[in-house]
Enquirer: 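This structure is in structure tokens; I'll ask about it shortly.
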Amino acid sequence: MSDKTNTIFGIYPIKEALASKVVFDKVYVQKGIESDKIDWLIKDLEKENIQVNLVPFEKLNRLTRGNHQGIVALTSPVAFHTLEAVVEKALEAEKTPLFLILDQITDVRNFGAILRTAECTGVDAVIIQKTGGAPVSGDTVKTSAGAIFKIPICKVEHIKDAIFYLQGSGITTLAATEKTNDQIYSLDLKIPLAIIMGSEGKGVSKSVLSLVDQKASLPLLGEINSLNVSVACGAFLYEVVRQRN
């Protein structure tokens, strides 16, 4: 059954959706539940490389008011792309590649706004992690003003693996962080580039910062020491546009 356009709950409805090749964004299963039917369903989901998240019973109740039987799925309005495919396509194109990596951004409004800006600035693909980020949902469609249908989105197991792959493909990785003296305006952004934006609360994670090729900040002239992530992302992307044009 479904109580929202992007929410499916219950064992058999999710099983039918899987058989019908519905694109899943996230699947949540009640932690500690004992059910052979759910165990079989989890195996089928994992065969299709669909991430299953174990969560408390209360989390499922927040997702739906229906009888979820211990499992709730969020479907995606778009199909996801593989990192290998979008990198290969970008490298073959005439323009200089530009990718955007979102490290655990959880607010769907920020996510949608970033997708909108990314599409407007010619980003080749947006890369997100399978777990921990905002859902790709109907709300994302609204806040992105439809940009979600126009820009490829890649889901990867780990952001770090994506960084290694991009670096191995000759693409420089640049993290947006206040933990550097280098401002974005002092760097050469005309090269093949992947910009990493961090979460609303913690920014780019320490483990990711330790891997990137470059770090850059924005000047903050007031008393507040940080910008909204979607605003900061826009400033970074439009500096790329300015330099490349």
Side-chain angles (χ1 to χ4, degrees), residues 5-6 21-27 48-51 74-176 189 191-199 204 208 212 229-230 232-234 236-238 240-241 244:
T5 55
N6 66 308
K21 302 301 180 183
V22 168
V23 179
F24 287 85
D25 178 35
K26 297 178 184 291
V27 176
E48 298 298 323
N49 200 30
I50 297 168
Q51 183 77 30
L74 303 182
T75 63
S76 171
V78 295
F80 298 107
H81 298 251
T82 66
L83 180 62
E84 293 79 7
V86 296
V87 170
E88 182 178 349
K89 183 178 180 180
L91 291 174
E92 292 175 351
E94 294 183 3
K95 67 183 283 288
T96 305
L98 176 60
F99 295 95
L100 182 61
I101 301 175
L102 305 183
D103 182 14
Q104 305 290 294
I105 288 176
T106 57
D107 188 295
V108 69
R109 292 165 297 182
N110 284 334
F111 184 32
I114 287 170
L115 289 176
R116 186 174 184 175
T117 304
E119 198 280 330
C120 290
T121 52
V123 170
D124 291 293
V126 175
I127 300 162
I128 60 177
Q129 193 164 282
K130 286 185 176 181
T131 59
V136 180
S137 64
D139 288 335
T140 317
V141 174
K142 294 176 185 177
T143 54
S144 74
I148 191 173
F149 299 118
K150 300 179 183 297
I151 186 167
I153 298 176
C154 305
K155 273 194 167 188
V156 296
E157 292 289 344
H158 302 287
I159 294 297
K160 291 186 286 185
D161 293 336
I163 288 173
F164 288 137
Y165 186 84
L166 289 164
Q167 290 171 332
S169 301
I171 297 166
T172 298
T173 55
L174 167 65
L189 308 178
I191 58 176
L193 190 66
I195 295 174
I196 301 104
M197 303 300 302
S199 68
V204 179
V208 170
V212 299
V229 64
S230 66
C233 185
F236 268 71
L237 290 176
Y238 270 101
V240 176
V241 171
R244 293 185 179 186

Enquirer: In Å, rounded to the nearest 0.5 Å, how long is the span from CZ of Phe80 to SG of Cys154?
Expert: 10.0 Å
Enquirer: Nearest 0.5 Å, please: how far is CZ in Phe236 from CG in Leu193?
Expert: 10.0 Å
Enquirer: Side chain of Thr140, backbone of Pro135: donor and acceptor closer than 3.5 Å?
Expert: yes
Enquirer: Salt bridge (charged side-chain N to carboxylate O under 4.0 Å, His left out): which pairs involve residues 83-101, sequence neighbours left out?
Expert: Lys95-Asp124
Enquirer: At their closest point, which heavy atom of Val136 faces which heavy atom of Pro77, and how far apart are they?
Expert: O-CD, 3.3 Å
Enquirer: Using side chain to side chain contact (heavy atoms under 4.5 Å, CB included) as the criterion, list what pairs up with Ser144, not counting sequence neighbours.
Expert: Leu115, Ala147, Ile148
Enquirer: Quick one: salt bridge (Lys or Arg N to Asp or Glu O under 4.0 Å) partners of Lys26, sequence neighbours excluded?
Expert: none
Enquirer: Atom CG of Asp103 and atom CE of Met197: how far apart are they, to the nearest 0.5 Å?
Expert: 10.5 Å
Enquirer: If the test is side chain to side chain contact (heavy atoms under 4.5 Å, CB included), which one of Leu98, Leu189, Ile114 qualifies with Leu237?
Expert: Leu98
Enquirer: Give the intermediate values and the outcome of side chain to side chain contact (heavy atoms under 4.5 Å, CB included) for residues Ile195 and Val240.
Expert: CA-CA 10 Å; Ile195 295 174; Val240 176; 3.8 Å; yes
Enquirer: If I take atom CD1 from residue Ile196 and atom CG from residue Leu174, how far apart are they, to the nearest 0.5 angstrom?
Expert: 6.5 Å
Enquirer: Is Gln104 reaching over with its side chain to a backbone N or O of Thr131, donor-acceptor style, under 3.5 angstrom?
Expert: yes
Enquirer: Measuring from atom CG of Asn6 to atom OG of Ser76, what distance do you get when rounded to the nearest 0.5 angstrom?
Expert: 9.0 Å
Enquirer: Pair up each side-chain donor or acceptor in residues 155-171 with any protein partner under 3.5 Å, not counting sequence neighbours, and list the distances.
Expert:
from, atom 1, to, atom 2, distance (Å)
Lys155, NZ, Asp25, O, 2.6
Lys155, NZ, Asp25, OD1, 2.4
Glu157, OE2, Lys130, NZ, 3.0
Gln167, NE2, Thr173, OG1, 3.1
Gln167, NE2, Leu211, O, 2.9
Gln167, NE2, Asp213, OD1, 3.4
Gln167, NE2, Asp213, OD2, 3.4
Ser169, OG, Tyr165, O, 2.9

Enquirer: Considering only residues two or more places apart or on different chains, which pairs with a residue in residues 104-119 satisfy salt bridge (charged side-chain N to carboxylate O under 4.0 Å, His left out)?
Expert: Asp107-Arg109
Enquirer: Which pairs, with at least one residue in residues 134-154 and sequence neighbours excluded, count as a salt bridge (charged side-chain N to carboxylate O under 4.0 Å, His left out)?
Expert: none
Enquirer: Checking Tyr238 against Thr121 for the side chain to side chain contact (heavy atoms under 4.5 Å, CB included) test, could you report, in this order, the C-alpha distance in whole Å, the side-chain angles of both residues, the deciding distance, and whether it holds?
Expert: CA-CA 7 Å; Tyr238 270 101; Thr121 52; 3.4 Å; yes
Enquirer: Rounded to the nearest 0.5 Å, what's the gap from CG on Leu102 to CD1 on Ile128? Could you check?
Expert: 7.5 Å
